[in-house]
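Worksheet for the structure shown next.
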Amino acid sequence: MSKTFQRTLITSALPYANGPVHIGHLAGVYIPADIYARYLRLKGEEVLFIGGSDEHGVPIALKAKAEGISPQEIVDRYHYIIKKSFEDFGITFDIYSRTTSAIHYKTASDFFRKLYDKGEFIEKTSEQYYDEEAKQFLADRYITGECPHCANKNAYGDQCEACGTSLTPLDLIDPKSAISGSVPVLKETKHWYLPLDKHEAWLKKWILEDHKEWKSNVYGQCKSWLDMGLQPRAVSRDLDWGIPIPVEGGEGKVLYVWFDAPIGYISNTIEHSPDDWEKWWKDESSRMIHFIGKDNIVFHCIVFPAMLKADGTYILPENVPANEFLNLEGDKISTSRNWAVWLHEYLEDFPEKQDVLRYVLTANAPETKDNDFTWKDFQARNNNELVAVFGNFVNRALVLTHKYFEGKVPARGALNDYDRATLDEFKRIRQDLEDCLNQFRFRDALKEAMNLARIGNKYLADTEPWKLAKTDMERTAAILNISLQIAANLAIAFEPFLPFSSEKLKRIINKKDLNWNGLGSIDLLGADHQLNQPELLFEKIEDEMIEKQIQKLQDTKKANNQNPN
RNA sequence: CGCGGAGUGGAGCAGUUGGUAGCUCGCCAGGCUCAUAACCUGGAGGCCGUGGGUUCGAGUCCUUCCUCCGCAACCA
């Protein structure tokens, strides 16, 4: 329960490199992971934060075919866009690599080989649909045909969307390949399976008994799978894009992307720390946390742990704080329908406003259920919270100090009861903030940080130093000293969430070396410390900027309605 | 048919082991004027998705049904 760990390995889901990244990716996975990584680093803990592009799999192979270029060209295109978006938004990966790297090929290949040699797989031969024109086996969803239940002509091989019945490709009447349109034929093929059923007993104990603290969506999903009973799961595919199966009989077959992708976490660690990567993965004093979206729960909580256990030398994740999904203006985010706010486009329209998006996505993070992102909410949170509460307080404290004390931190002198009550309150916030962060409740944590600014505003309103300055400079000095200490505390408290603004605030108060241990202190800024000129931390976002974004989405919707597919 | 998550004032969310329904934003009124018309105080506004049950007492436990999201093992 209260195990202590020496270091923390933070992984974030590998984004699939068939498109750029959007706000849903950021809100669900990368911002929470980055907040957590920054928080631990600020506390002085040893952290490794891993990311990378997931570049194999059928959709990329098909997209390449459709565009008449190689899969490698597709993933090269998106990998660099994705990588740059993360850098631009201040996601502080220690390494952001990719699953087409040489080291990953070797790592994944060796991983498979070891499990193969240990006898951890079973082999099965089955009949599957094969497209003779495209010369490839077809995944269920790439076969269409008539639904045997409702006669819908466009049912998929896994499900009929018209009546909701789940199907297998063999159920379809008049099956057709979605790739070439030809009629597929059944053909025998051999695959390797990870027998999850053999791992069921320890998985049950490990999750259902030892990890009751996992989020309810994660725990519930795992329980559901475990109660249903696990089945062997294929870890190879008939495909020419991926990591070749490194054993006899594996010709023309590759690792299933879901086998290959999580190994990417390991490869990236090796790439980052070739000499001591094992301490992160094989030492019981290391803690591993997977940040993912809800669609990945089963892979990170059941399949990947089973793979690690099958190998036998790895530690298992300590927690898997999966988020739900973010919708956009009431509709599901969709790459194919272009219904998204793309990160690279956001920065063109809102340059330097990374923190505004980071703030809004954290304040409205889909932690317990799907949430909706709207541009009106984005504007309101910026104008009413960042500008009015946080930015305004800092500005007030700075302007007053420049006005009465030439920008030098005045000496504090004695505290009165009201000062002490205020300080007690803002010391309490540190504890609340840490409690929230430790439980991966980032939305609440951010609210606590904002409460610190609220305390500051209330303190100024109640003590009215602009009035006292006419009669009692000593008291005015004490009040401004405390206000400035609160401002310095804000720079620390917000650093995990709004790193760019925190940097700016530190520049304004002319104080670089602040760390988490200083949070709650009223001695961060010494008497006579010279402050810089006040600058606005955030600026208002006007209606026209927002209307432009809403218009852009309406245009997308109109275009989609004209070309429905 | 199934499994998991969610359904709380206009919006977004909290509600710990059942005991007078809270927070942020918006709205209304007042105060202040140092501050980016920002800030502070007060107020209005809720049959806690639906029907039933357990209990002295249920947002909280049991159950019926409805809605949304995800999963359902070859969608990464």
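A note on names: the letters A, B, ... follow the listed sequences, proteins ahead of strands, and every chain is numbered from 1. Just so we're clear, the structure is a prediction, and the values are computed from it rather than from any experiment.
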Could you measure between the two [atom1] atoms, the one in [N] and the one in [M], and give it in whole Å?
| N | M | atom1 | result |
| --- | --- | --- | --- |
| B:rG4 | B:rG45 | P | 39 Å |
| B:rG49 | B:rC68 | C1' | 11 Å |
| B:rU54 | B:rU60 | P | 15 Å |
| B:rA44 | B:rC34 | C1' | 31 Å |

Nearest-Å distance, [atom1] ([X]) to [atom2] ([N])?
| X | N | atom1 | atom2 | value |
| --- | --- | --- | --- | --- |
| A:Asn382 | B:rG26 | CG | P | 13 Å |
| A:Leu326 | B:rG70 | CG | C1' | 15 Å |
| A:Leu230 | B:rA73 | CG | P | 13 Å |
| A:Arg441 | B:rC23 | CZ | C1' | 13 Å |
| A:Ile292 | B:rC71 | CD1 | C1' | 13 Å |

Can you list the residues that meet the salt bridge (charged side-chain N to carboxylate O under 4.0 Å, His left out) rule with A:Asp372, with sequence neighbours excluded? none

Please encode protein proximity along nucleotides 4-12 of chain B as a string of B, S and -, counting only heavy-atom distances under 4.0 Å. SSS-----S

Determine, for nucleotides 33-42 of chain B in 5'-to-3' order, which nucleotides have protein heavy atoms under 4.0 Å from the base (write B), from only the sugar-phosphate (write S), or from neither (write -). SBBB-SSSS-

Sequence neighbours excluded, which residues qualify as ring-ring contact (aromatic ring centres under 6.0 Å, His included) partners of A:Phe350? A:Tyr346, A:Trp375, A:Phe378

Pairs under 3.5 Å (Watson-Crick or G-U), crossing ones as [ ], inter-strand ones as |: RNA chain B comes out as .((((((..((((.....[..)))).(((((.......))))).....(.(((..]....))).))))))).....

Base, sugar-phosphate or nothing for A:Gly242? Non-hydrogen atoms, less than 4.0 Å.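 Answer is nothing: A:Gly242 stays at 4.0 Å or more from every strand.
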
Got a list of side-chain donor-acceptor pairs under 3.5 Å for residues 390-408 of chain A, not counting sequence neighbours?
residue, atom, partner, partner atom, Å
A:Arg396, NH1, A:Asn457, OD1, 2.9
A:Thr401, OG1, A:Ala397, O, 2.7
A:His402, NE2, A:Asn532, O, 2.9

Centroid-centroid under 6.0 Å between A:Tyr96 and A:His79 rings: yes

